[in-house]
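The structure appears right after this line, and notes come after that.
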Amino acid sequence: MSMREPIVNRSPPSPHKKKRLIFAEGHDARVLQAIATIVRDRTAVAFAVGCEQDILKRIAVAKLSIKVGDDFEIVEPTDERQFFDQWLAFRTARMLHWNVTNLPGFIRDNRNTAFAARLINSSRADAMICGASGEFGWHLLQLQENLMSLQRQTAGTLQMLYCAGRVICLVEALQDCLRHPTAIAEIAIAAARHVCAFNLSPSVDLCQDSYWKDLNSQAETLRAAAATVRAIAPDLVVRAPVALADAIRPDRCQSSCSASKAACEVLVFPRVGLAAAIKDTLLSQADWQCVGPFLLGTANRAHIVSPTVSSSLLTRIAAHAGTPLDESHDLLSSKSVSYSDRRGP
């Protein structure tokens with residue numbers, strides 16, 4: 001039995017209804033555990049993409065007290081584009097020389113993510129989470145192919161780290177933007193919107209890559225990006241260029257802190273890989289903890305998690321996914337329409 005029709009035939013929910021959240025890896029035990037928590041807390045209407053027989057078997061093995069139809073729904077990933085999804089995955093894998101050791105899993109992950117993205121794109125669901133199995137690049141490829149908002153905006157990731165009352169967000173674009181100040185500004189604005197959705201007060205540092213061959217041109221690019229951010233959001237504190245050592249030093253001044261909101265330092269890296277290295281360094285010290293990654297450029301409608309994600313972290317990401325990133329925040333003025341990370345059509 002396919003549970004696809006109940007989603008497809010529903011109109012987008014009103015603001016007073018629970019958000020509809022799709023998990024692309026319905027076969028994963030951690031995903032099913034997260035769905036059980038969501039059902040218990042009544043925070044969303046959950047859907048699992050996958051083979052119903054397989055999912056029911058895994059629910060029984062995990063001894064979860066959730067029932068299909070009553071607590072959540074299963075969506076069979078079958079539509080007219082499923083063969084194109086597989087062709088695109090195979091073609092890209094060959095072009096990029098991906099090492100695909102589990103071919104059935106590779107096909108399943110690409111098909112499920114692409115199918116879920118099309119439901120999001122058509123507003124038949126509010127948000128999706130994928131990446132519990134497979135590789136980040138596989139899922140990003142399908143989202144870029146099927147999700148309209150990601151086709152229009154610069155993609156990036158945000159990792160939120162916190163320790164002893166200090167909150168840092170590490171942000172990077174998914175392609176090198178050292179020569180594109182507009183793209184850097186777009187990522188910075190998108191990250192600030194997510195931070196505001198967490199009810200935090202963001203300040204933005206555009207961090208300099210000390211290994212870049214031309215530091216002077218990099219500094220000019222970051223200054224141009226900062227000027228664009230200030231034009232879009234005049235009340236948002238943004239500094240550029242900022243040396244990494246200054247950005248993460250322990251005695252950092254929280255200039256963005258307001259009376260009603262805790263401060264959050266948003267560190268934007270214009271080159272791929274820098275944020276991951278800083279995250280690993282911080283997590284190896286003291287008591288830093290991490291939530292994420294959150295995918296920027298999707299209007300908070302799709303996120304790619306790590307294959308090592310726990311069920312509790314899935315639940316926390318699910319709590320944020322689908323939250324509207326509107327323009328009502330004090331720090332983000334109405335000028336931000338050109339670079340908004342809001343919901344697509």
Starting from the C-alpha separation in whole Å, work towards a yes-or-no answer on side-chain contact (heavy atoms from CB on, under 4.5 Å) for I35 and L64. CA-CA 10 Å; I35 289 176; L64 298 174; over 6 Å; no

Passes side-chain contact (heavy atoms from CB on, under 4.5 Å), F136 versus T157? Steps please. CA-CA 11 Å; F136 183 93; T157 59; 4.1 Å; yes

Using side-chain heavy atoms (C-beta onward) and a distance below 4.5 Å, is [X] in contact with [Y]?
X	Y	result
R301	S123	yes
V229	L236	yes
L274	C207	no
F115	V75	yes
I55	V68	no
I189	T228	no
V305	L313	no

Pairs meeting criterion salt bridge (Lys or Arg N to Asp or Glu O under 4.0 Å) with involvement of residues 23-33, two or more places apart: D28-R30

Among V171, V291, L170, side-chain contact (heavy atoms from CB on, under 4.5 Å) partner for L158: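 One option only clears the test, and that one is V171.
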
With C169, the side-chain contact (heavy atoms from CB on, under 4.5 Å) member among E265, M160, Q159, H194: M160

Partner set under side chain to side chain contact (heavy atoms under 4.5 Å, CB included) for [X], not counting sequence neighbours:
X	value
A276	none
Q208	L215, Q218, A219, L222, P241
L141	L88, T92, W98
T37	Q33, R40, D41, T315

For H27, check ring pair (Phe, Tyr, Trp, His ring centres under 6.0 Å) against everything at least two apart and list the hits. none

Which residues share a ring pair (Phe, Tyr, Trp, His ring centres under 6.0 Å) with F269, sequence neighbours left out: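 Ring pair (Phe, Tyr, Trp, His ring centres under 6.0 Å) list for F269, sorted by chain: empty.
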
Rounded to the nearest 0.5 Å, how far apart are [atom1] of [X] and [atom2] of [Y]?
X	Y	atom1	atom2	answer
I129	L21	CD1	CG	5.0 Å
M128	N121	CE	CG	11.0 Å
W288	K279	CH2	NZ	13.5 Å
I278	L267	CD1	CG	8.5 Å

Please evaluate residues I184 and L206 with respect to the criterion side-chain contact (heavy atoms from CB on, under 4.5 Å), reporting the C-alpha separation (whole Å), side-chain torsions for both, the decisive distance (0.1 Å), and the verdict. CA-CA 8 Å; I184 298 173; L206 305 184; 4.1 Å; yes

Angle class for the F294/H303 ring planes (parallel below 30°, perpendicular above 60°, tilted otherwise)? perpendicular

Applying salt bridge (charged side-chain N to carboxylate O under 4.0 Å, His left out), name anything that partners D54, two or more places apart in sequence or on another chain. R58

For R223, give me all partners under salt bridge (charged side-chain N to carboxylate O under 4.0 Å, His left out), at least two apart in sequence or on another chain.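 Salt bridge (charged side-chain N to carboxylate O under 4.0 Å, His left out) list for R223, sorted by chain: E220.
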
By side-chain hydrogen bond (donor to acceptor under 3.5 Å, both in side chains), which residues pair with [X], not counting sequence neighbours?
X	answer
S284	none
T281	none
S312	S310

Centroid-to-centroid, F72 to F23, below 6.0 Å?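 No - the distance between ring centres of F72 and F23 does not fall below the 6.0 Å cut-off.
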
